Amino acid sequence: MSLQLGTYAKISWCPGCPNNQILVAFRKAVTELCESGALKEENIVAAAGIGCHAKILDYLNMNTFNALHGRAIPAIEGVKAANPALTVVAFSGDGDSYSEGLTHLIHAAQRNSDINVFIHDNQIFALTTGQATATSPKGFKGLTRPSGSIEEPIDPLRMMMNAGATFVARTYAGEFEKTKEIMKAAIAHKGMSFIDIAQPCITFFDTRDFYKDNITWLPEGHNVTDLDAAYHATKQSDGKIPMGIFYQVETPTFEQQL
Ligand code: SF4
């Protein structure tokens, strides 16, 4: 079986942008799930908000919906509620869902909607050339923070665990295989699946060297059903950034109860 998930659209991300790796990982994840019979190509719907991430819809030959800024999540929740047989994925960015549309993200987790939310987290508003978002690090200098940000960034993983998401993960766009496998696990999960994807913006905030030196993966024995352990595993005292599936439990979904 060979899925034709590509489109005629010319890629317009900056050359070398790690959004390309997210796109390829997603196409491959969908292809493998379809090949195994776990998913039907015609039953997938993807949505996006506004930002560099949103261009991904142009390069996916599947049912898609481009929402307003920060509004991909309620759109995809509506699709899922109307037809629970569909598999739905919302692509979003840190500017799109941690800054503009944060309440939608939190309430989708609170409901345990059976949706997948993949955040392209480049720690800035990249499409508008580099303003700070909720995950910009302290000291970040950009158009709206010329003297450096004085705010601590949010921890999206802890936030989503607190809100009620039942699958919480983080990966790095540059780690194609691991990202693909985490996407497959998220899509297979029943309930709110959330992946924060560290995605350097090589034009306005190039963090590739930082991630190269500071990524660490959760140990094999990590207990994904232990909320307390998952919560504390998101941060390490040595400053390394842990990646992997932190938390996963099965609880009734919004759509099952509707
Ligand atoms: Fe990628 Fe940044 Fe270019 Fe946007 S501005 S396409 S995030 S490198």
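Order of listing sets the numbers, starting from 1, for every ligand and every atom in it. All heavy atoms count here, side chains included; hydrogens, waters and symmetry mates do not. This is a predicted model, so every value here is computed, not measured.
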For this session: Taking the side chain as every heavy atom from C-beta outward, state whether N122 and T135 have any pair of such atoms under 4.5 Å apart.
Result: no

Exercise. Just which atoms of ligand 1 are under 4.0 Å from any heavy atom in F204?
Worked result: 5 (S)

Problem set entry | Heavy-atom side-chain proximity of R145 to Q131 below 4.5 angstrom | no

For this session: Say whether Q199 and ligand 1 are in contact under the criterion: heavy-atom distance to a ligand atom below 4.0 Å.
Result: yes

Exercise. Hey, would you say the F167 and F194 ring centroids sit under 6.0 Å apart?
Worked result: no

Exercise. For atom 2 (Fe) of ligand 1, what's the nearest protein heavy atom and its distance?
Worked result: C201 SG, 2.3 Å

For this session: Taking the side chain as every heavy atom from C-beta outward, state whether Y98 and D121 have any pair of such atoms under 4.5 Å apart.
Result: yes

For this session: Please state which part of T129 comes within less than 4.0 Å of ligand 1, counting heavy atoms only: side chain, backbone, both or neither.
Result: neither

Exercise. Can you list the atoms of ligand 1 that are under 4.0 Å from a heavy atom of N122?
Worked result: 7 (S)

Exercise. Looking only at heavy atoms, what is the nearest atom pair of A233 and P242, with distance?
Worked result: O-CG, 3.2 Å

Exercise. Do any of the N, O or S atoms of C17 sit under 2.8 Å from atom 1 (Fe) of ligand 1?
Worked result: yes

For this session: For atom 4 (Fe) of ligand 1, grab the closest protein heavy atom and report residue, atom and distance to one decimal in Å.
Result: C52 SG, 2.4 Å

For this session: Just jot down the ligand 1 atoms closer than 4.0 angstrom to any heavy atom of T203, in number order.
Result: 3 (Fe), 8 (S)

Problem set entry | Subset of ligand 1 atoms that lie under 4.0 Å from at least one heavy atom of I202 | 8 (S)

Problem set entry | F26 ring center near F91 ring center (under 6.0 Å) | yes

Exercise. Starting from atom 6 (S) of ligand 1, which protein heavy atom do you reach first, and at what distance in Å?
Worked result: C14 N, 3.4 Å

For this session: Go through the steps for Y59 and W13 under the test ring-ring contact (aromatic ring centres under 6.0 Å, His included), then give the verdict.
Result: CA-CA 11 Å; Y59 317 131; W13 286 315; 5.1 Å; yes

